[in-house]
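The structure under discussion appears below in the form of C-alpha cells.
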Amino acid sequence: MMYGGMRGIKGLVTETSVLDPDEGIRFRGYSIPECQKILPTAGGKGEEPLPEGLFWLLVTGQVPTQAQADSITQEWNNRAALPNHVITMLNNFPSNLHPMSQFSAAITALNSESKFAKAYAEGVNKKLYWEYTYEDSMDMIAKLPTVAAIIYNNLYRDGATPAAIDNNKDWTANFVKMIGFEDPAFVELMRLYFTIHSDHEGGNVSAHTTHLVGSALSDPYLSFAAGINGLAGPLHGLANQEVLGWVTKLQEELGGEVSDDQLRNFIWNTLKSGQVVPGYGHAVLRKTDPRYTCQREFALKHLPNDPLFKLVSQIYKVVPDILIEQGKAKNPWPNVDAHSGVLLQYYKLTQMNYYTVLFGVSRALGCMASLIWDRALGLPIERPKSFDTPGLKKLVGAK
Ligand code: AMX
C-alpha cells in the first residue's frame, strides 16, 4: 500500500460525501439520482439540481428548501465581483498559457481578498477559524465563474467582456451568459455538470490536496489553488480534455462510421504504445461511474442521434472487454470524464483545453464545504509518517 499510492489506506475524515466502489458517490448519503429528485431546481421550474442546493447539502447535511437554495444564489451574485488586479493579470496572460494555469494563478492571486488570512494575522481565536473559512469559501465560489469566463472570453471570444451578473439568474445561468451561450438546455446541462463534479470524498488528488494545504492554515484561496493544480493532471481532472483529444484522433484516423473491429484495433494501439485509455478506470470505483450514467441519460434525452454520442456509446461497448483482456486495470469501466466532453461539444463549447476549468469551478463546492468542516472540527496539520526502503525491509525482516 505504501508503494501503491496509499490505495485502500483509510486515513482521512471527510463529512461531505462517501464513495462506494460499486455504487458510486453519495453526497451526504444521497446518490446522484436521489439528488436529481430532491434538490431544488432553477426557479422551481428546471429539471436538474441547482449547484447552490448541493452546496447547502454538502455544508449542512440537510436538503435545502427552494428559498434556502435561492438565498445562496443571491449571496453568490452579491459576492461575484473581482478585484482589478486579478482582471488585469488574467488579461495579460499569453494565449498559450493553459486555461488551468490561468485559473490556478487567478485563484492564488484572489487571496488578496482572504478574510481568513486577515483575521489570522490579527490573532483571531482558533475557535472562529471556520467562520472566516466559510466567508472566504462563499466569496471564492461566487467569483470563480467570472474568473473562468474571463479566461474563456480572452482565449476564444476575442477578449469579450463577460456580461454583468444578473440578479434574476442563478450561479450557472450567469456563468453560461458570461461566456456568450444562451441555450436553456445547455444551462440545464451545466447545472447537472457543476453538481456531479463537485465532490468525490476526501482522497482524490484535488480534494486531498486542498485539505492537506489547508491543514497548514493556508487560506482557502491558496488551499484550493493547490487542489486545482492537482486537478490539472491528466490522470485526474485533465482526463476530460484527454478523452476528447483521443476521440478526435480516433475520428481523424478512422473517419466517420467506425466498425467495432476498427475501434478494437485503435484501442489496442493506444495500450500497446504505453498510454492509458482516458476516461476509463478509477482508483476506488469498480463499476460504471454513476456520473457517467447520468450524463449518458442526459444525452439519451437531449441528443440521442448525435454522431459523437453514438461513437462514445460504441466505445463504451468495446473498451471494458479489452481492458479486462489486457488484465491490468482494476476497473475497466468508464468514469465521469468519458462522457462530459461529448455533451459540451454538442452545445458548441468545443474548446477541449478549457474543459478542466469547468471541472474546477464545480470542484470548489466540495473542497470548500470540506475545508469549512476541517476548520470547524479543528483538524490538525496533516503529517503522515513515511519510511525509506531500508527501514521497511528492517520492519518486516527482509534482506
Ligand atoms: N487504460 C490503460 N491502462 C489502465 C487504465 C486505463 N484506463 N486504468 C488503469 N490502467 C493500468 C494502470 O496504468 C496500471 O498500469 P501499471 O501497472 O503499468 O502501472 C494498472 O492498470 C493498474 O492500475 P489501477 O490500479 O487499475 O488504477 P490506479 O488506481 O493506479 O489509477 C486511474 C486510477 C484513474 C489513474 C487509472 O485508471 C487511469 O489512468 N485512467 C485513465 C485516466 C483517467 O480517466 N483519469 C480520470 C479518473 C477520474 C478523475 O479523477 N477525474
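All ligand and atom numbering here is 1-based and tracks the order in the structure.
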(message) Please report the interatomic distance OG1(Thr41) to CD(Glu48), rounded to the nearest 0.5 Å.
(response) 9.5 Å
(message) Ring centres under 6.0 Å, that's the criterion: do Tyr221 and Phe116 meet it?
(response) no
(request) Write down, by chain and number, every protein residue that brings a non-hydrogen atom to less than 4.0 Å from an atom of ligand 1. (result) Arg7, Leu235, His236, Ala239, Leu271, Val276, Val277, Pro278, Gly279, Tyr280, Gly281, His282, Ala283, Leu323, Lys328, Ala329, Lys330, Asn335, Asp337, Phe359
(message) Counting only heavy atoms from other residues, nucleotides and ligands, does the tally under 6.0 Å from CD of Glu34 exceed 12?
(response) yes
(request) Specify the closest pair of heavy atoms between Ser137 and Ile372, including all atoms of both residues, with the distance to one decimal. (result) OG-CG1, 3.8 Å
For residues 231-238, tabulate all N or O donor-acceptor pairs below 3.5 Å that involve a side-chain atom, not counting sequence neighbours.
{"unit_1": "His236", "atom_1": "NE2", "unit_2": "Ser206", "atom_2": "N", "d": "3.2"}
{"unit_1": "His236", "atom_1": "NE2", "unit_2": "Ser206", "atom_2": "OG", "d": "2.9"}

(message) Cation-pi check for Phe175 against Lys177: NZ or CZ below 6.0 Å from the six-membered ring centre and within 45 degrees of the axis, yes or no?
(response)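 Output no; distance or angle outside limits.
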